[in-house]
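Down below is the structure, laid out as structure tokens.
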2 protein chains.
Amino acid sequence: MNVQSAAAASGLPAKTIRYYDEIGLVTPDRRANGYRDYNDRAVQKLAFLKRARQLGFSIDDCRQLLSLYEDKQRASKDVRTLAQQHLAEIDARLSELHELRATLADLVDACHGDSRPDCPILADLAGAQSKKA
Amino acid sequence: MNVQSAAAASGLPAKTIRYYDEIGLVTPDRRANGYRDYNDRAVQKLAFLKRARQLGFSIDDCRQLLSLYEDKQRASKDVRTLAQQHLAEIDARLSELHELRATLADLVDACHGDSRPDCPILADLAGAQSKKA
DNA sequence: GTTGACCTTCTAGTTACTGGAAGCCTTATG
DNA sequence: CATAAGGCTTCCAGTAACTAGAAGGTCAAC
């Protein structure tokens with residue numbers, strides 16, 4: 001199975017698949033002419049990667065997950081720990097983002113948005129104390 | 001005022017301030033010996049940038065905000081529009097992140113986390129249909 | 001005069017790709 | 001057999017926004 005077919009089968013762009021080969025994440029066989037050749041197992045791994053990346057795992061996380069996935073003796077605990085760490089990161093990002101949203105929403109509310117040059121958003125950005133700051 | 005002092009006054013790392021000079025965001029005067037020289041106005045801009053970056057505005061957004069900030073004739077509406085666009089992006093990211101969190105939390109819940117090699121997280125990543133998928 | 005703490009510029013690395021160019025391989029068609 | 005279209009290969013460069021580090025100039029103090 002060549003790159004394009006592997007792309008179709010896994011849902012990843014061909015460029016990305018070549019990149020994953022380059023960084024040693026999924027290394028395909030090579031045919032006599034040098035073309036990459038992906039077997040079913042490799043395509044499964046690519047699909048695995050697609051899903052893991054969508055869930056926000058970094059490439060490094062993926063590398064670990066992949067080796068756990070490969071390892072028949074892997075402990076479910078290891079996978080769970082990795083996922084939990086990731087969950088904690090997501091929660092941290094969520095609360096940051098919530099806070100950021102609140103601040104920005106306050107500013108937008110406070111801004112009259114007409115053509116006068118007086119603007120609370122710029123004032124706040126410039127360092128003036130806002131009501132919530 | 002040299003870089004280090006400007007850093008202390010604005011709250012940005014000196015490296016970042018040099019970078020902002022390099023990309024033409026805030027261009028300081030230069031002293032006879034070539035050292036950067038930041039006046040109060042420049043430091044204000046740096047502080048402005050720090051705040052805007054914290055709020056998640058991109059460097060490109062910041063460039064626009066800075067020119068609006070500079071422009072005495074700027075319409076408050078323009079600033080508001082920029083902030084609102086940004087708010088919409090944040091909301092999109094928030095809902096994505098919420099969804100991702102829910103999926104991952106389900107998986108972690110479903111994972112027994114002991115030493116047996118059977119793991120729902122890897123199963124899901126590998127493409128099996130999970131209850132919620 | 002020499003130590004130490006500044007400053008300068010430049011290069012390269014980070015994350016995870018993406019786009020594009022130059023050039024080989026394969027297949028179909030006239 | 002020539003050629004054109006569409007694969008495939010590699011490599012180089014660019015993205016965002018810095019950050020780390022190296023080589024070397026400058027300055028104030030002792």
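Just so it is clear, the model here is predicted, and its values are computed rather than measured. Sequence lines set the chain letters: A, B, ... in the order given, protein chains first and strands last, and positions in each chain run from 1.
Side-chain N/O atoms of A:Asn33 include none lying less than 4.0 angstrom from OP1 or OP2 on C:dC25. Residue B:Tyr20 places no side-chain N or O under 4.0 Å from the OP1 or OP2 atom of D:dA17. When the side-chain nitrogen and oxygen atoms of B:Arg18 are compared with OP1 and OP2 of C:dT8, one or more of them lie within a distance under 4.0 Å. Contact check, A:Thr16 against C:dA16: no side-chain N or O comes under 4.0 Å of OP1 or OP2. In terms of phosphate contacts, A:Arg36 brings a side-chain nitrogen or oxygen within less than 4.0 Å of OP1 or OP2 of D:dT10.
Annotation: of the two residues near DNA chain D, A:Arg30 and A:Tyr35, the 5′-most nearest-nucleotide partner is A:Tyr35. Residue B:Gly34 is the one, among A:Ser58 and B:Gly34, whose nearest nucleotide of DNA chain C lies closer to the 5' end (criterion: closest heavy atom).
One interatomic measurement links the two molecules: CG of A:Asp60 to P of C:dT14, which rounds to 11 Å at whole-angstrom precision. For the pair B:Asp21 CG and D:dA17 P, the interatomic distance rounds to 17 Å; values are reported in whole Å. As rounded to whole Å, 11 Å separates atom P of D:dA16 from atom CZ of B:Arg63. Distance, B:Ile23 CD1 to D:dA16 P: 10 Å, rounded to whole Å. Counting to the nearest Å, the P atom of C:dA16 and the CG atom of A:Leu25 are 10 Å from each other. For A:Gln54 and C:dA16, the CD to C1' distance is 15 Å, given to the nearest whole Å. Separating the CZ atom of A:Phe57 from the C1' atom of C:dA16 is a distance of 17 Å, rounded to the nearest angstrom. Summarising the geometry, the separation between CG on B:Asp37 and C1' on C:dC6 is reported as 15 Å, rounded to the nearest angstrom.
For CG of A:Asn33, the number of neighbouring non-hydrogen atoms (other residues, nucleotides, ligands) closer than 6.0 Å is greater than 12.
Listed nucleotides: C:dC6, C:dA16, D:dC8. Nearest to the side chain of A:Gln4: D:dC8. Side-chain proximity of A:Arg53 to the nucleotides C:dC17, D:dA17, D:dC8 is greatest for C:dC17. Among D:dA17, C:dG20, D:dC8, the nucleotide with an atom closest to any side-chain atom of A:Lys15 is C:dG20.
In this structure, B:Arg30 does not pair ionically with B:Asp37, as no charged nitrogen and carboxylate oxygen lie closer than 4.0 Å.
Among the protein residues, A:Arg31 comes within range of no part of the nucleic acid, since none of its heavy atoms lies under 4.0 Å from any strand.
Hydrophobic clustering (ILVMFWY, side-chain heavy atoms < 4.5 Å, transitive): B:Tyr19 and B:Phe57 are in one cluster.
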Point to revise | From CA spacing to verdict: side-chain contact (heavy atoms from CB on, under 4.5 Å), A:Tyr38, A:Asp21 | key: CA-CA 11 Å; A:Tyr38 290 87; A:Asp21 178 12; 4.1 Å; yes

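Contact between A:Ala14 and A:Val3 at its shortest, heavy atoms only, is CB-CG1, 3.6 Å.
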